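Remember, predicted model here, so these are calculated numbers, not experimental data. Letters go in sequence order (proteins before strands), and every chain restarts at 1. When reading the values below, keep in mind they use all heavy atoms of this one structure, side chains included, and skip hydrogens, waters and symmetry mates.
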Amino acid sequence: MNGVRRPITPAAAVRLVAQRELGARLRTRGFLIGTAVILAVLAAYLLFQAALVNNAQRTTVGLTGQAAAIAEPLRAGAGQLGLDVETRRVADAAQGSADVESGDLDVLVSGSPANLRVQVKSELDRELEAVLTGISRQEVLSAKLVQAGLNPAEVMRDVDAARIQVTAFEEHDPAQGQRTVIALVMMFLLYMGITAYGSLVAQGIVEEKSSRVVEILLSTVRPWHLLLGKVIGLGLTGLVQLAILGVAGLAMASATGVLTITGVATTTLLWGLVWYVLGFFLYATVFAAAGSLVSRQEDVQTVLTPVSMVLLVGFIAGFTVVQEPEGTTATVLSLLPPLSPILLPSRIATGSAGPLEIVAALVLTLAAIAALTWLGGRVYRAAILRTGSRIRLKDALRA
Amino acid sequence: MGERTLEIDRVSKRFGDVVALDAVTFDVRPGELFGFVGSNGAGKTTTMRIVLGVLAADAGEVRFDGAPVTHETRTRIGYLPEERGLYPKMKVLDQLVYLAQLHGVPLNDAHRSAELWIERLGLTERRRDEVQKLSLGNQQRVQLAAALVHGPDVLVLDEPFSGLDPIAVDVMSEVLREKAATGVPVVFSSHQLDLVERLCDRIGIIRSGRIVACGSAAELTSGASVRITVRAPGAPAGWASALPGVRVLAENGDGTVVELAPGTDDQDVLAAALATGPVREFTRHHPSLTELFRSAVTEGAGT
């Protein structure tokens with residue numbers, strides 16, 4: 001057998017380590033269940049949203065007696081205001097009142113068009129009230145016009161021709177609300193992904209340290225290759241999960257009709273994947289260095305807290321950024337390398353990050369990755385074989 | 001030095017103010033089983049970790065096959081660390097295949113070799129189990145398989161026999177002898193000195209980071225003083241005390257235990273005993289490695 005064995009190349013070593021990580025994680029029940037649970041929650045949320053969209057704004061108006069004549073103008077007037085109104089003929093006024101009380105009808109309208117009487121359970125929608133008032137006034141006006149010897153239809157044509165002129169300084173984006181939701185979801189996924197998989201890097205390193213398998217590994221693989229393989233393997237696992245969640249979420253949101261701007265969402269998802277990779281590499285070696293300082297799983301949380309805090313700050317700042325993505329604060333925060341991976345994708349989603357900002361953030365983040373990887377690798381190499389009590393960062397850097 | 005010899009040449013290491021190794025020098029020749037003994041903290045593990053490059057030496061050099069050991073040569077070493085190290089959640093077979101691959105064995109050969117050692121070490125039924133579910137003894141067998149799975153040219157084993165049942169000890173001894181017979185230098189540390197004495201071609205004793213004795217068991221014990229038990233019922237008390245080079249250690253009833261200074265002829269003692277009457281017993285004790293170890297380790301311990 002000595003004939004076939006040859007020294008392993010760095011690339012092969014990194015690939016082997018990465019493959020092991022990928023295989024070990026993807027096959028675990030934790031990964032499958034975790035992904036399934038997040039998907040289930042997402043699906044339930046979307047279905048709930050879709051049901052709300054379909055039902056919440058629909059108002060059922062019962063018309064009884066002479067009021068039945070206003071069905072047409074009521075639907076037209078409501079349509080102009082974007083209200084979803086369904087009219088229903090109600091033969092018996094008493095039955096109609098009972099339906100309103102039980103909630104089967106939202107509104108019951110009776111009386112003559114010029115003198116409408118409205119019954120509601122508690123409160124009449126302001127806009128619907130305006131529509132009904134308008135219809136009533138129209139009726140009165142028409143009667144007066146006839147009395148004055150004018151043709152109501154002609155007068156109304158002139159009245160309707162009157163228009164106000166509106167000049168908008170910015171194009172209104174009717175999908176702004178959806179963009180904000182997409183931005184929030186993306187930010188959440190990125191925060192969770194980077195934190196979870198970054199912590200896994202640290203835990204994996206401590207596992208190797210505490211089980212001492214690292215001694216065997218390092219007698220054949222260089223520390224640098226072991227670290228890189230681990231980071232790549234776990235990074236890919238996280239990327240796979242994020243892609244599954246992103247694509248499935250997108251498909252479900254489009255299918256349920258909650259999401260109508262699939263194009264924007266797809267672009268955001270692609271940018272999200274890019275920024276996940278950048279963010280993961282930015283934090284992975286820092287997590288790795290932190291993990292290599294301790295030898296027991298119980299101590300991991302202590303060393304990871306400072307790193308997790310930075311991510312958490314980014315996540316919290318994200319809510320402000322999403323609300324006001326154009327502001328100076330948002331722009332500056334999203335350009336800071338430690339926060340860019342979480343904040344910039346949401347600004348891309350809301351359409352507020354210009355190409356120049358994106359390029360600037362990319363360059364700054366790549367520079368930060370280079371610096372932190374160098375530093376993290378140094379700490380890792382110095383600390384990985386020192387077992388026992390926690391190693392101080394200063395000692396690891398000096399070694 | 002010769003081909004395929006592992007040489008540890010004046011290796012020194014300090015941890016802060018503590019001198020862990022002080023110019024440790026010995027060599028392990030091809031086909032040789034070398035026993036490395038010393039009390040806890042004497043420097044055995046530190047030496048082995050330096051050989052594997054897990055620790056860096058402050059001074060000195062480790063050579064194999066005449067050239068300094070580099071990262072490339074280390075992949076040809078089979079290593080069993082003192083603190084057992086395997087992925088607890090990885091299956092036995094997967095683990096061995098992975099470790100073989102990391103040492104540069106192609107996948108198919110890695111698989112074949114892993115299966116081979118699994119069978120050889122009696123782990124066939126546990127090959128799909130996670131390592132953490134195995135008993136400590138079985139984990140130890142997996143650990144040995146991990147040291148052997150890539151067909152190493154050198155074996156460095158730190159306490160391979162600790163925690164093994166007698167049958168596993170036999171299997172382990174057999175495997176080590178077999179590997180040595182193929183021309184592989186094998187060095188292992190152990191506290192089971194009888195085992196070391198029985199198994200090893202040569203032995204090195206380390207004390208406080210210094211090699212205090214090195215050689216075959218016979219060489220190490222030959223220079224030591226010899227003890228003789230003599231049972232001569234008719235001998236008067238103090239019969240042996242006047243003999244030159246003889247020190248009486250114990251005298252009770254008809255038995256006498258004497259210690260001979262190096263170079264003293266035991267036949268002189270026998271002649272003196274026979275002169276007093278019949279001799280029922282005349283036993284020469286070779287000091288065991290255990291005794292030698294004890295004296296080597298305690299000697300000058302106060303300095």
Peer 1: Is the number of heavy atoms from other residues, nucleotides or ligands under 6.0 Å of B:E125 CD greater than 12?
Peer 2: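 No, because the 6.0 Å sphere around CD of B:E125 holds 12 heavy atoms or fewer from other groups.
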
Peer 1: Tell me, for A:V214 versus chain B, whether the close heavy atoms (under 4.5 Å) come from the side chain, the backbone, both or neither.
Peer 2: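 Nothing of A:V214, per the 4.5 Å heavy-atom cut-off to chain B.
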
Peer 1: Please indicate whether B:H191 has more than 12 foreign heavy atoms, meaning atoms of other residues, nucleotides or ligands, lying under 6.0 Å from its NE2.
Peer 2: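 Yes, because the 6.0 Å sphere around NE2 of B:H191 holds more than 12 heavy atoms from other groups.
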
Peer 1: At a 4.5 Å cut-off on heavy atoms, which part of B:L80 comes close to chain A: side chain, backbone, both, or neither?
Peer 2: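 For B:L80, there is no contact with chain A at all, as no heavy atom is under 4.5 Å.
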
Peer 1: Is it the case that the side chain of A:S219 and the backbone of B:L52 share a donor-acceptor pair, with hydrogens and angles ignored and the cut-off at 3.5 Å?
Peer 2: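 A pair under 3.5 Å: no.
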
Peer 1: Less than 4.5 Å to any heavy atom of chain A: does that hold for the side chain of B:Y98, its backbone, both, or neither?
Peer 2: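 Side chain only.
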
Peer 1: Can you tell me if CD on B:E119 sees more than 12 non-hydrogen neighbours from other groups inside 6.0 Å?
Peer 2: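 No, the 6.0 Å shell around CD holds no more than 12 heavy atoms from other groups.
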
Peer 1: Quick one: which of B:Q101, B:R112, B:H71 has the most heavy-atom pairs under 4.5 Å with chain A, could you say?
Peer 2: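 Ranked by contacts with chain A, first place is B:H71.
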
Peer 1: Is it true that atom CZ of A:F188 has more than 12 heavy atoms of other residues, nucleotides or ligands lying nearer than 6.0 Å?
Peer 2: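 Open: at most 12 neighbouring heavy atoms sit under 6.0 Å from CZ of A:F188.
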
Peer 1: Is it the case that more than 12 heavy atoms not belonging to A:Y45 sit under 6.0 Å from its OH atom?
Peer 2: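 Open: at most 12 neighbouring heavy atoms sit under 6.0 Å from OH of A:Y45.
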
Peer 1: What's the verdict on side-chain contact (heavy atoms from CB on, under 4.5 Å) for A:L217 and B:L99, showing C-alpha distance, side-chain angles and the deciding distance?
Peer 2: CA-CA 8 Å; A:L217 298 176; B:L99 288 174; 3.9 Å; yes

Peer 1: Given heavy-atom pairs under 4.5 angstrom as the criterion, report whether the side chain, backbone, both or neither of A:E207 touches chain B.
Peer 2: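 Answer is side chain: those atoms of A:E207 sit under 4.5 Å from chain B.
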
Peer 1: Return the CG to NE2 distance between A:L16 and B:H103, rounded to the nearest 0.5 Å.
Peer 2: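 Reported to 0.5 Å precision, the distance equals 12.0 Å.
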
Peer 1: Which atom pair, heavy atoms only, marks the closest approach of B:L102 to A:A13?
Peer 2: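 Heavy atoms only, the tightest pair is CD2-O, 4.4 Å.
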
Peer 1: Look at atom CE of A:M192 and say whether more than 12 heavy atoms of other residues, nucleotides or ligands are closer to it than 6.0 Å.
Peer 2: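 No, not enclosed.
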
Peer 1: Roughly how far apart are A:R20 CZ and B:Q95 CD, rounded to 0.5 Å?
Peer 2: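 Going from the CZ atom of A:R20 to the CD atom of B:Q95 covers 7.5 Å.
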
Peer 1: Please round to the nearest 0.5 Å and tell me the distance separating atom OH of B:Y79 and atom CG of A:L218.
Peer 2: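 Here the interatomic distance stands at 10.5 Å.
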
Peer 1: Check this for me: A:R25, atom CZ, are more than 12 non-hydrogen atoms of other residues, nucleotides or ligands nearer than 6.0 Å?
Peer 2: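 Yes.
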
Peer 1: Which pairs pass side-chain hydrogen bond (donor to acceptor under 3.5 Å, both in side chains) with one or both residues in residues 187-196 of chain A, sequence neighbours excluded?
Peer 2: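 Applying side-chain hydrogen bond (donor to acceptor under 3.5 Å, both in side chains) to every pair that reaches into residues 187-196 of chain A, excluding sequence neighbours, yields nothing.
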
